[in-house]
Asks: 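Here it is, the structure, as structure tokens.
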Amino acid sequence: MSVVSNHHSNGNGNSTVYDTNGNDEIKKEVKDEPMASDSEVPFGELMKRDKKEKKQKKRKAESGSDEDDYKPEKRKSSAKNGKKKDVGSDSEDDYKPEKKKSKKNNKKKAQESSEDDDEESEGDVSEEDVKPQKRKSKGAEKSKPSTSKKDAGGKKEPPKKKVKKEEDIEDIWEWWKEEKKPAGVKWNSLQHCGPLFAPPYIPLPSHVHFKYGGEKMKLTLETEEIAQFYAGVLDHEYSTKEAFNKNFMKDWRKVMTVEERERIHDLKKCDFRAIDAYQKEQREIRKAMTKEEKLKIKEEKEAEVKIYGIAIIDGHRQKVANFRIEPPGVFRGRGGHPKMGLIKKRIMPEDVIINCGKDTEIPKPPPGHKWKEVRHDNTVTWLCSWTESVLGQNKYIMLNPSSKIKGEKDFEKYETARRLKKKIGGIRERYTDDFKSKEMRVRQRATALYFIDKLALRAGNEKDVDEAADTVGCCSLRVEHIKLFDSAKLNEDDKKEKEFVVEFDFLGKDSIRYFNRVSVEKRVYKNLKIFMEGKAPSDDLFDRLDTATLNDHLRSLMDGLTVKVFRTYNASITLQEQLIKLTNPKDNVAAKILSYNRANRQVAILCNHQRAVSKGFDESMQKLEQKIKDKKKEVKEAEAALKSARGAEKEKAQKKYDRLKEQLKKLKISRTDKDENKQIALGTSKLNYIDPRITVAWCKKFEVPLEKVFTKTHREKFRWAIDMTNSSDEEYVF
DNA sequence: TAACAGACTTGCGTTTAGGGCG
DNA sequence: CGCCCTAAACGCAAGTCTGTTA
């Protein structure tokens, strides 16, 4: 896959189709049509009821139609239990869709005969590095070229003070110049101060009342605290959702006293408005605080960071990411989360597990409390953990992305993507070949992989329907999520050709809609047709595939290869290609940055990174337009002034004119950027998908100051990349 | 060996702070 | 110099993938 060639749309109208391989726009208006196959399949024998079935059943119930006379093949459990792959019984002719495959049941499929692995195993680790890493002295670190470099560009260096402070926080550890630890060992020594707990609940003042059925009611502290949570969400549309309110009420009533529970039954009769008003008032008061008061708060926060924000790991001071334990509150899932509105309980020291070095000081729990457990597990990277009360999932306090432990992993991620670059040709050949495999599961695997590669889809693990919103990724796509269109198009020689178009429309991670129409290879199209045959809309498209199987296969192709590596690889290679295409060396810095952002934007589009169009967007766009208009006027005036000016005046006028002209240019660029960015979010791809070495190399090559594209946080996280990508004439690294 | 638990990355919306502007 | 508004930081939900268990 070369350039970003697909087109995602957030809207619901028709959209332009782009040919992925050739980039030629086909522009085909395809309108929504009913599914070709509308029939649904009854469940055959129901063996063990699993989540998958539950899910599908539920969906069918919702969607209504649910019958058909198709007899599903014996469940794959039989195939699976019957030992290895059911070769032969899986040919195209006798392919029968798996009924609701129980993903969980049929996880382990026979392993593909793997092609020879020729990759260099990375991460070969030498023996223990018991020797204590030497701390970089502050003086030494200051003189490091890599660090001083970035500051050099800034005009007004925030003097000493700031620099000093940063040294206090974290020391610079050039781990990428050191040997790695043995596999599995994450640290040798680890010391930290534990978590910072949420501030205690502050009761409402006596004049602020909760009312029930129009009457004032004094609540117990616990009940009142939760009432405050709801008051805080009053303006939000959450509070209009039935599930939210039902869940909230259910959990709220749990903490009520008997008397309260007796009385408070109906959320509609609850009046939180006074509490809401009080909260808003408090916010205003905070905002209106004097400078001194604000400074004091800031200093207190900084003091907390100094204590809890640092861990000492193998002798190095490293930033901790999220040392504040999440305060209690109401759970707000995204999309149609079934558990929205439930209460997240307050986390106490007794809930918290501490992980630290054996020989270091154990963090002290708050007075009168004790930890749930203290352990010394150096095979994991977390410092503290607890179980969150809504979903029962573990939460962790971990290190900041600037730390060695995170950085090294990130570096490895991009190294894996680079290795994929070398193998991608062969892998594509392989899956293209597999499009026509006799084994249907191989075909499904190949077809899914094609989408993962071409469209950067996520893997799509199985999800529990009761615990999460209904979202999917590639492997969990259902028939209802795609539509097939075939139509004729004219090629250059005016010859009629078949065009095969697939439309995707589903909710992905965070319930963000993925909508895209792409033209695909004929084989893929035909395969999809087969996979959809005789299935209900709520059946799995790839009924003989799951993420574990797919990843097993990928690992057989390349060491460390998983589905998500494709996303990383395609994001990075896309940025690089777009940069090559879009950068004009003659441009000024602002224009180059626009090019960078445009390249970045292609990546974001590929990965479907969206953001809600903010309410103020149009308004602020208009403001910008006005600014541009005003500036134009100024330029004109300056131009006139320039013409009439003489002598010394002339030079001055010229300067003014040039300056204004430049400002106008800048404004126009920012308008373009802003507009193109309306609903696309660049941040995620920049932070998580694009190999930072590409950006660093580009900045050096085109003399764009790195801080124009990388924030301070980026530069801290990607210190390794900044240091590694050295020579200014180095070719792109990817 | 399927299911579950655990660990860690990714991603969006919200909050905050600092850079540009009058 | 202060204000305002946006970009950056933060918070935490929701993914991926691996390791463990029954």
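Here is the naming used below: chain letters follow the sequence lines, and residue numbers restart at 1 for every chain.
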Asks: Between A:Phe515 and A:Phe504, does the ring centroid distance fall short of 6.0 Å?
Replies: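 Not under 6.0 Å, so no.
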Asks: As an exercise, state the distance from OG of A:Ser385 to CG of A:Asp377, rounded to the nearest 0.5 Å.
Replies: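 Atom-to-atom, A:Ser385:OG and A:Asp377:CG are 10.0 Å apart.
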Asks: Compute whether any side-chain donor of one residue and acceptor of the other, for A:Glu170 and A:Ser402, lie under 3.5 angstrom apart.
Replies: yes
Asks: Look at all strands and tell whether A:Arg567 reaches a base, only sugar-phosphate, or nothing, counting heavy atoms closer than 4.0 Å.
Replies: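 Result for A:Arg567 = sugar-phosphate.
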Asks: Would you kindly give the OH-to-C1' distance between A:Tyr308 and C:dC10, to the nearest whole Å?
Replies: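 Whole-Å distance recorded here is 19 Å.
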Asks: Please determine, for the side chain of A:Lys564, which listed nucleotide (C:dG15, B:dG6, C:dT16) has the closest atom?
Replies: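 Ranking C:dG15, B:dG6, C:dT16 by closest atom to the A:Lys564 side chain puts C:dT16 first.
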Asks: Could you tell me the separation between the NZ atom of A:Lys287 and the P atom of C:dC3, rounded to a whole number of Å?
Replies: 13 Å
Asks: What's the closest nucleotide to the A:Asn461 side chain, out of C:dC17, C:dA13, B:dC12?
Replies: C:dC17
Asks: For DNA chain B, whose closest nucleotide is more 5', that of A:Ala681 or that of A:Lys186?
Replies: A:Lys186
Asks: Of all the choices, B:dG13, C:dA13, B:dT9, which nucleotide is nearest to the side chain of A:Ala612 once you look at every atom?
Replies: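 Selected nucleotide (nearest to the side chain): B:dG13.
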Asks: Has the side chain of A:Arg611 got a donor or acceptor that lies under 3.5 Å from a partner of the other kind on the base of B:dC12?
Replies: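 Check fails, no donor-acceptor contact within cut-off.
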Asks: What I'd like to find out is whether the side chain of A:Tyr230 reaches to under 4.5 Å of the side chain of A:Phe244, using heavy atoms alone.
Replies: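 Of all side-chain heavy-atom pairs linking A:Phe244 with A:Tyr230, at least one is under 4.5 Å.
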Asks: Is the base of B:dT10 touched by the side chain of A:Lys509 through a donor-acceptor pair closer than 3.5 angstrom?
Replies: yes
Asks: At 4.0 Å (heavy atoms only), tell me whether A:Pro401 reaches a base, stays on the sugar-phosphate, or touches nothing.
Replies: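 The answer is nothing, as A:Pro401 stays clear of every strand by at least 4.0 Å.
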Asks: Over all strands shown, is A:Thr381 touching base, sugar-phosphate only, or nothing at heavy-atom distances under 4.0 angstrom?
Replies: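 Since only primed, P, OP1 and OP2 atoms lie under 4.0 Å of A:Thr381, the category is sugar-phosphate.
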Asks: Heavy-atom nearest nucleotide on DNA chain C for A:Asn322 versus A:Gln393: which residue maps closer to 5'?
Replies: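 The 5'-side residue here is A:Asn322.
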Asks: Of all the nucleotides listed (B:dT10, C:dA13, B:dC8), which has the minimum atom distance to the side chain of A:Lys413?
Replies: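 Of all the options, the side chain of A:Lys413 is nearest to B:dT10.
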Asks: Using whole Å, report how far CE of A:Met340 lies from C1' of C:dA14.
Replies: 14 Å
Asks: Between A:Tyr308 and A:His192, does the ring centre distance come in under 6.0 Å?
Replies: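 No: the rings miss the under 6.0 Å criterion.
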Asks: Going by heavy atoms closer than 4.0 Å, what residues in residues 683-690 of chain A are next to DNA chain B?
Replies: A:Thr684, A:Asn688, A:Tyr689
Asks: When you match A:Asp377 and A:Lys717 each to their closest nucleotide on DNA chain B, which lands nearer the 5' end?
Replies: A:Asp377
Asks: Would you mind telling me which of B:dT9, C:dC12, B:dG6 lies closest to the side-chain atoms of A:Lys344?
Replies: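 Shortest atom-to-atom distance from the side chain points to C:dC12.
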Asks: Where the side chain of A:Lys463 is defined as all heavy atoms beyond and including C-beta, which of C:dG15, C:dA13, C:dA14 is the nearest nucleotide?
Replies: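 It is C:dG15.
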Asks: Answer with base, sugar-phosphate or nothing: what part of the nucleic acid does A:Arg458 contact at a heavy-atom distance below 4.0 Å?
Replies: sugar-phosphate
Asks: Just checking A:His236: base, sugar-phosphate only, or nothing, at a heavy-atom cut-off of under 4.0 Å?
Replies: sugar-phosphate
Asks: Which nucleotide, B:dA7, C:dC17, C:dA8, lies nearest any side-chain atom of A:Thr713?
Replies: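 Of the candidates, C:dA8 comes closest.
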Asks: Salt bridge or not for A:Lys180 and A:Glu408, using N-O below 4.0 Å?
Replies: no
Asks: Of all the nucleotides listed (C:dT18, B:dT9, B:dG11), which has the minimum atom distance to the side chain of A:His609?
Replies: B:dG11
